Amino acid sequence: INLFTCFCLGNIEKRPSDRDFKFYLNSFVISILAVLFIGFWEYFSKTTGLITFPKSFFITSDITQSEQTTMGGLKRLNATFYEASYAGSFLAASFWALWSCPSIKYSKLLAGLTFVALVLNLSGTGIVSFCFGALVYLLINDYKKLIWFAVICVIGYAVLILIPYFENIV
């Protein structure tokens with residue numbers, strides 16, 4: 001995927017035509033689909049064990065194979081990335097790119113699949129990237145929704161801070 005991205009970036013002209021823009025957009029969607037396919041394949045393989053996943057083909061580090069694919073006993077979706085945080089950031093950026101681009105066929109469906117992959121990724125970096133993307137999206141599109149987003153973030157942050165105090169009660 002990185003080689004494909006470098007190829008696309010190397011061929012960008014100063015003023016790309018509509019045909020070139022469609023090529024780059026399609027290349028971006030194909031790379032998202034490749035990450036989703038490999039990620040769901042990997043996650044299904046980890047959780048069920050019914051199909052095999054060539055982990056050593058996609059992740060070449062022995063440490064990463066054992067440590068980065070689980071978090072506290074929970075299976076994580078790594079896809080083609082060296083670390084789950086990288087995958088989370090890519091999935092968050094891909095979600096907002098797909099959500100805000102109506103010219104892509106089935107963009108909302110692909111955004112939904114990307115969101116599911118982001119949730120299965122269990123990456124704090126992915127969640128923060130997703131929230132930052134939501135903030136940018138709301139700043140660009142609707143200021144009234146930004147207020148609700150800020151209220152939800154403050155409440156969520158307060159709950160996260162207060163959770164340790166409630167552990168002793170239960």
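Keep in mind the model is a prediction, meaning the values are calculated, not measured.
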Are the side chain of N121 and the backbone of A84 linked by a donor-acceptor contact shorter than 3.5 Å?
yes
Under the criterion side-chain contact (heavy atoms from CB on, under 4.5 Å), I'd like the reasoning laid out for I32 against L110: C-alpha separation, chi angles, the key distance, then a yes or no.
CA-CA 9 Å; I32 293 170; L110 287 174; 5.8 Å; no
How close do E83 and N78 get, heavy atom to heavy atom, and via which atoms?
C-OD1, 4.1 Å
CG of L91 to CG of L98, rounded to nearest 0.5 Å, is 10.5 Å
Atom pair CG (L113) and CG (L33), whose distance is rounded to the nearest 0.5 Å:
8.5 Å
Using a 6.0 Å cut-off, check whether atom CZ of F115 has over 12 heavy atoms from anything other than its own residue.
no
Distance in Å, S31 OG paired with L36 CG, rounded so as to fall on 0.5 Å steps
9.5 Å
Determine whether S89 and S129 make a side-chain contact, defined as any pair of heavy atoms from C-beta on separated by less than 4.5 Å.
yes
How are the rings of F95 and W99 set to each other: parallel, tilted or perpendicular (split at 30° and 60°)?
parallel
Is it true that W96 and L109 fall in one hydrophobic cluster, defined by side-chain heavy atoms closer than 4.5 Å?
no
Spacing of I104 atom CD1 and K22 atom NZ [to the nearest 0.5 Å]
12.5 Å
Do F90 and V35 have side chains that get closer than 4.5 Å, going by heavy atoms?
yes
Connected to I127, directly or through other members, by ILVMFWY side-chain contacts below 4.5 Å are none
If you count the non-hydrogen atoms of other residues, nucleotides and ligands that lie under 6.0 Å from OH in Y86, is the total more than 12?
no
Other members of the hydrophobic cluster containing V128, with the 4.5 Å side-chain heavy-atom rule, please.
none
Given side chains that start at C-beta, do those of S94 and F28 come closer than 4.5 Å, heavy atoms only?
yes
Between S45 and I51 (side chain of the first, backbone of the second, donor and acceptor by atom type, cut-off under 3.5 Å), is there such a pair?
yes
Kindly compute the distance separating CG (L120) from CZ (F44), expressed to the nearest 0.5 Å.
12.5 Å
Ignoring hydrogens, what is the shortest heavy-atom contact between G126 and A92? Give both atom names and the distance.
O-CB, 3.6 Å
From R76 atom CZ to S85 atom OG, the distance as rounded to the nearest 0.5 Å:
6.0 Å
